[in-house]
Amino acid sequence: MSKSIRGVIAVVGIASLVALGAVGSANATETKRSPEPLGLVGFDTVVAAAHGFEVRTDINGYKCSIPQNSPPSLCPSDFRLGEANQGKASTYNTVRDTCGYSYLYWTSSGRGYETGYYINASAGFALTHTWSLFFTTTSGPELRDHSGIAPWGGRSWSATGTLDGGGQSGSASGTVFLNNGGICVSKGPVAN
């Protein structure tokens with residue numbers, strides 16, 4: 001993974017934690033969904049090749065992952081990275097909201113939560129993910145890690161848990177690695 005992609009992932013994770021400072025206390029017994037986009041930040045060419053894909057740049061400067069040995073063509077508009085190259089270098093680390101969405105919400109108990117993601121059909125399916133949650137609770141800060149392997153061939157994943165204290169606010173931060181080499185970063189759903 002390139003340094004620029006790692007940098008984007010780190011910035012998104014830090015932004016999720018900073019967002020907690022802007023989130024006030026709320027009634028944690030209410031169930032509130034907070035879907036946020038999963039943004040495409042890059043491609044891992046080794047993963048793509050291992051699953052029958054190759055990463056290409058089309059004539060307009062978009063980068064995408066397509067089945068190996070496909071004839072030259074434009075990248076699909078719903079799963080590509082970069083800005084159109086109109087006499088300028090492409091911007092490949094632009095976060096595009098093309099992978100799907102992620103969420104974090106409270107269950108009715110106020111101490112329980114559910115988090116997860118959904119991958120759009122055009123984006124492929126998830127292989128693995130890193131997924132961390134940070135909560136402010138009545139008993140202090142709590143951290144939960146739900147990183148792991150995604151259900152094979154699945155486009156959705158979720159996890160539930162219970163906090164030691166009553167939940168006041170929470171934030172999710174994660175990266176999803178796709179079968180076609182796509183790297184998708186959660187834009188930090190917040191529950192309050």
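We use all heavy atoms of the structure for the numbers below, so side chains are in, but hydrogens, waters and symmetry mates are not.
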* Stepwise ring-ring contact (aromatic ring centres under 6.0 Å, His included) test for H129 and Y117 -> CA-CA 10 Å; H129 54 262; Y117 57 79; 5.4 Å; yes

* Asked: Under 3.5 Å, is there a donor-acceptor pair between the E142 and T137 side chains?
  -> yes

* Asked: Looking only at heavy atoms, which two atoms of Y103 and T115 are closest? And how far apart?
  -> O-OG1, 2.8 Å

* Side-chain heavy atoms of F177 within contact of I183, under 4.5 Å -> yes

* Exam field: side chain N120 to backbone A123, donor-acceptor pair closer than 3.5 Å -> no

* Asked: Rounded to the nearest 0.5 Å, how far apart are OG of S169 and CH2 of W106?
  -> 7.0 Å

* In Å, rounded to the nearest 0.5 Å, how long is the span from CG of L133 to OG of S171? -> 8.0 Å

* Taking T130 for the side chain and S147 for the main chain, is one N or O donor matched with an acceptor at less than 3.5 Å? -> no

* Considering all heavy atoms, the nearest L38-Y118 contact -> CD1-O, 3.9 Å

* Distance under 6.0 Å and angle within 45° of the ring axis: does R155 meet both against F125? -> no

* **Heavy-atom closest pair, residues H51 and N179** => CB-O, 3.1 Å

* To do: Scan side-chain atoms only and decide if D78 and S122 contain a donor-acceptor pair under the 3.5 Å cut-off.
  => yes

* To do: Nearest 0.5 Å please: distance from the CG atom of D145 over to the OG atom of S132.
  => 4.5 Å

* Structure fact -> Shortest non-hydrogen pair, A48 vs V55, comes out as CB-CG2, 4.1 Å

* Structure fact -> For Q68 and E54, the nearest pair of non-hydrogen atoms, with its separation, is CA-OE2, 3.5 Å

* Single-linkage hydrophobic cluster W157~I119, side-chain heavy atoms < 4.5 angstrom -> yes

* Structure fact -> d(N69 CG, F53 CZ) to nearest 0.5 Å is 12.5 Å

* **Spatial distance of atom CD (E36) from atom OG (S186) [nearest 0.5 Å]** => 7.5 Å

* Please say whether more than 12 non-hydrogen atoms of neighbouring residues, nucleotides or ligands are located less than 6.0 Å from CG in L143. => yes

* To do: Examine distances only and state if a side-chain atom of R56 and a backbone atom of S70 form a donor-acceptor pair shorter than 3.5 Å.
  => yes

* To do: Decide whether V47 and L81 are clustered together by the hydrophobic rule: side chain heavy atoms of Ile, Leu, Val, Met, Phe, Trp, Tyr closer than 4.5 Å, transitively.
  => no

* Hey, could you give me the CG/OG distance between L178 and S65, rounded to the nearest 0.5 Å? => 9.0 Å

* To do: Look at the rings of Y113 and F135 and say which category their plane angle falls in: under 30° parallel, 30 to 60° tilted, over 60° perpendicular.
  => tilted

